[in-house]
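Below: one structure, written as structure tokens.
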Amino acid sequence: METTIVTWRQLDVDAFLNLNRSRSDLKNALIQRDNYYGEVCRSAGEFLRDKKQLEAKITRMKSEINDLKNQVAELEQMNTKRINRYSQVMLSKMKKVLDTYVYPDIANEILKKEGLGSLFGLYVNPESVESELITPESVLEISSNQATTSDEDDTVDSIQDLMGGFDDE
């Protein structure tokens, strides 16, 4: 597409009339000047039409950008919720392990070492540790399919009773 370079300068009427003295010269000069400004107007019209098309395209693209931003925000929110749910499940499992299998003092020291002491210090439950802990004084029940070592009952009085057969060798 050819475009006309737009320039303007004020017409020096005296110089124009001196240059175009005859009626036909004056007529040709006015026709050339009129054609030039007609071309300038046509070119300006094309630029205005292009401007409107580009503005419409910008509006569409802004709308698409907003839609994509909303989709990204929704996906981030869904991902954050999924991560939070997973973290809550894992935290619950870890808390259960700490509560059930680790001595409270050891658990508290581990948590302090990892910088989580203030967060979890209250969650370590000494009662559950005591109820699950097996000590030499613990009484263990033997299932019915195992042979019992005494006729009195199905319990073992201590860890020493469990290990009685190993010392004989």
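Residue numbers count from 1 along this sequence.
- Cluster annotation: V40 and L48 are assigned to distinct hydrophobic clusters (Ile/Leu/Val/Met/Phe/Trp/Tyr, side-chain heavy-atom contacts under 4.5 Å, transitive).
- The salt bridge (Lys or Arg N to Asp or Glu O under 4.0 Å) search around E55 returns K51, not counting sequence neighbours.
- For R85, the side-chain contact (heavy atoms from CB on, under 4.5 Å) test picks out K81, R82, with sequence neighbours left out.
- Hydrophobic side-chain contacts under 4.5 Å tie L30 into a cluster, directly or through other members, with L11, V13, F16, L17, L26.
- Here the straight-line distance linking atom CZ of R42 with atom CZ of F47 works out to 9.0 Å at 0.5 Å rounding.
- A distance of 12.0 Å separates SG in C41 from CD in E46, rounded to the nearest 0.5 Å.
- Looking at heavy atoms from C-beta onward, T59 lies out of side-chain contact with S63 at the 4.5 angstrom threshold.
- Atoms CD1 and CG, on I31 and N28 in that order, are 5.5 Å from each other to the nearest 0.5 Å.
- By the 4.5 Å heavy-atom criterion applied to side chains, D12 and D14 are counted as neighbours.
- The side-chain hydrogen bond (donor to acceptor under 3.5 Å, both in side chains) test applied to D25 returns S22, not counting sequence neighbours.
- Not a single salt bridge (Lys or Arg N to Asp or Glu O under 4.0 Å) links K69 to another residue, sequence neighbours left out.
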Inset, instruction - Could you walk me through whether D67 and I65 pass side-chain contact (heavy atoms from CB on, under 4.5 Å), step by step? - result: CA-CA 5 Å; D67 290 344; I65 288 170; over 6 Å; no
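- The closest donor-acceptor contact from the side chain of S43 to the backbone of E39 lies at 3.5 Å or more, if one exists at all.
- Of the inter-residue distances, the one linking N84 atom CG with L91 atom CG reads 11.5 Å to the nearest 0.5 angstrom.
- The distance from the CE atom of M61 to the CG atom of L54 is 10.5 Å, given to the nearest 0.5 Å.
- The CD atom of E64 sits 10.0 Å away from atom NZ of K57, with the distance rounded to the nearest 0.5 Å.
- Under the side-chain contact (heavy atoms from CB on, under 4.5 Å) criterion, R21 pairs with N18, not counting sequence neighbours.
- Contact between R33 and R9 at its shortest, heavy atoms only, is NH2-O, 3.9 Å.
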